[in-house]
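From a predicted model like this one, the values you see are computed outputs, not experimental measurements.
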Amino acid sequence: MTARSRTGDAGLLLGHLRSSTASSLLVAILVFAAVLATALAPRALAALGDDELRVSLTSASPSLRDLSGTGRLGVGETTPAQIGRLLERTDDTILGLPDTLPQPLRAALGEARWVARTPSSGAGPPVAQPLSTVLALAADLRRDEAVEFTAGTEPAAWEPPDDIEQAAGAVVPPIEVAISEALADRIDLAVGDQLEYSPAPLLVTGIYTARDPGNRYWVYLPDLAIPTVSQSSLELPTLRATVYIDPQSVAALPDQFASGRITAWVPVDPTA
């Protein structure tokens with residue numbers, strides 16, 4: 001009997017169908033796998049990109065990650081009431097900034113912060129030091145969130161004579177300031193000490209430390225916590241630091257704050 005007669009037409013047809021079905025099934029599996037890979041690969045790559053971005057943002061310094069900038073306070077009026085309103089408007093504007101930004105960025109933003117500072121100016125400590133001291137004055141409406149006092153009290157608002165220029169030769173009341181513990185240790189200052197300064201002496205009423213040294217606040221305002229010392233050849237080292245005043249003292253120092261700057265930042269949460 002021949003192979004044809006043993007298999008028969010039906011057997012050949014069944015064998016062909018089996019072979020065709022197996023090939024079709026293989027093609028279908030390959031097509032399904034290709035379509036699945038095409039659909040899932042972009043999502044996988046996007047997830048990988050998100051993870052890489054999140055790691056990069058988490059490891060980056062807040063100064064590179066956050067929304068930040070500098071500007072001018074724009075002091076024009078000098079009465080305490082007017083300065084108070086100016087500080088409130090500035091505060092409301094900066095704190096309201098995150099709400100003006102689109103999603104998804106807005107959901108990743110924290111509470112905005114800002115501090116106004118004067119330009120630095122030479123200061124004379126009560127005890128002679130083998131260095132030059134240069135200080136700036138800072139006004140922060142939320143200072144208590146950043147520091148805690150270890151000695152003394154908070155500075156009060158400065159009330160200068162009506163015409164300080166004509167008061168030359170007369171006793172000018174000092175500007176009360178709070179200084180960091182690191183600055184006090186570096187140039188041997190204590191509560192009650194005065195430093196020569198213009199337009200009036202600085203009276204140390206309080207000494208503070210940072211509540212949280214790791215807070216991003218100190219990334220933007222490091223010299224409020226720790227003074228820096230630099231030196232050029234053939235010159236005395238120069239110590240630079242910033243000290244706090246009462247925000248209402250801005251009313252008596254309009255020129256200084258008008259020529260100074262605001263430092264503002266909005267924290268960005270990399271996990272968002």
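- Within the 4.5 Å cutoff, the side chain of Arg113 has heavy atoms near those of the Asp140 side chain.
- For the pair Leu109 and Leu67, the minimum side-chain heavy-atom distance is below 4.5 Å.
- Side-chain contact between Arg186 and Leu239: present, with at least one pair of heavy atoms (C-beta onward) separated by less than 4.5 Å.
- The minimum heavy-atom distance between Thr242 and Tyr208, with the atom names listed, is O-OH, 4.1 Å.
- Here the closest heavy-atom approach between residue Thr205 and residue Val191 is recorded as O-CG1, 3.7 Å.
- Connection of Ile83 to Ile94 is established within a shared hydrophobic cluster, with ILVMFWY side chains joined at heavy-atom distances below 4.5 Å, either directly or through further cluster members.
- Closest non-hydrogen pair, Gly110 versus Pro98, comes out as O-CG, 3.9 Å.
- Val243 and Val229 fall within the same hydrophobic cluster, where Ile, Leu, Val, Met, Phe, Trp and Tyr residues are linked whenever their side-chain heavy atoms come under 4.5 Å apart, directly or through other members.
- The residues Asp223 and Arg117 are annotated as salt-bridged, a charged nitrogen and a carboxylate oxygen being separated by less than 4.0 angstrom.
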Item to check | side-chain contact (heavy atoms from CB on, under 4.5 Å) between Val219 and Trp265, worked out | outcome: CA-CA 11 Å; Val219 173; Trp265 66 95; over 6 Å; no
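- Thr150 and Glu181 are linked by a side-chain donor-acceptor pair at a separation below 3.5 angstrom, with hydrogens and angles left out of the test.
- In this structure, Ser180 contributes its side chain and Ala225 its backbone to a donor-acceptor pair below 3.5 Å.
- A salt bridge does not link Arg106 with Asp99: none of the charged nitrogens is closer than 4.0 Å to a carboxylate oxygen.
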Next on the checklist: Pair Glu111, Leu95 - check side-chain contact (heavy atoms from CB on, under 4.5 Å), show working.
Outcome noted: CA-CA 7 Å; Glu111 184 180 23; Leu95 264 61; 4.0 Å; yes
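- Tested against Val177, the residues Asp246, Leu203, Ile245 include a single side-chain contact (heavy atoms from CB on, under 4.5 Å) partner, Ile245.
- We find the CD-OG1 distance between Glu176 and Thr153 to be 6.5 Å, quoted to the nearest 0.5 Å.
- Across every non-hydrogen atom of Leu236 and Pro130, the tightest pair is CD2-O, 3.8 Å.
- Electrostatic pairing of Asp144 and Arg211 does not count as a salt bridge here, judged by no charged N lying under 4.0 Å from a carboxylate O.
- Taking the side chain as every heavy atom from C-beta outward, Ile187 and Leu131 approach each other to under 4.5 Å.
- Leu87 is listed as a side-chain neighbour of Leu141, based on a closest heavy-atom distance under 4.5 Å.
- By the 4.5 Å heavy-atom criterion applied to side chains, Leu86 and Leu73 are counted as neighbours.
- Between the side chains of Asp212 and Tyr217, no donor-acceptor pair is found at a separation under 3.5 Å.
- Gln103 places a side-chain N or O within donor-acceptor distance of the main-chain N or O of Ala107, the cut-off being under 3.5 Å.
- Counting heavy atoms from C-beta on, the side chains of Ile262 and Thr70 never come closer than 4.5 Å.
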Checklist entry - Can you list the steps and then say if Tyr244 with Ile179 is a side-chain contact (heavy atoms from CB on, under 4.5 Å)? => result CA-CA 7 Å; Tyr244 288 112; Ile179 68 173; over 6 Å; no
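- Checked by atom type, the side-chain pair Asp269/Thr271 shows a donor-acceptor distance below 3.5 Å.
- To the nearest 0.5 Å, the span separating CD on Glu148 from CZ on Arg143 amounts to 13.0 Å.
- Open room surrounds CD1 on Ile226; 12 or fewer heavy atoms of other groups in view lie less than 6.0 Å from it.
- A pairwise comparison of heavy atoms in Arg261 and Thr263 identifies NE-OG1, 3.9 Å as the closest pair.
- For the atom pair CD of Glu154 and CZ of Phe149, the computed distance is 5.0 Å after rounding to the nearest 0.5 Å.
- With rounding to the nearest 0.5 angstrom, the CG atom of Leu135 is 8.5 Å from the OG atom of Ser121.
- Under a hydrophobic clustering in which Ile, Leu, Val, Met, Phe, Trp and Tyr are joined whenever their side-chain heavy atoms come within less than 4.5 Å, directly or via other members, Leu195 and Val134 fall into different clusters.
- With hydrogens and angles left out, the side-chain atoms of Asp91 and Trp114 include a donor and acceptor closer than 3.5 Å.
- When every heavy atom of Ala136 is checked against every heavy atom of Tyr197, the shortest pair comes out as CA-OH, 4.2 Å.
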Checklist entry - What's the verdict on side-chain contact (heavy atoms from CB on, under 4.5 Å) for Val250 and Leu253, showing C-alpha distance, side-chain angles and the deciding distance? => result CA-CA 5 Å; Val250 174; Leu253 299 163; 5.9 Å; no
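- Within a 6.0 Å sphere centred on CD of Glu159, heavy atoms belonging to other residues, nucleotides or ligands number 12 at most.
- With contacts defined as side-chain heavy-atom distances shorter than 4.5 Å, the pair Leu202/Glu196 does not qualify.
- To the nearest 0.5 Å, the span separating CD on Gln256 from OG on Ser249 amounts to 11.0 Å.
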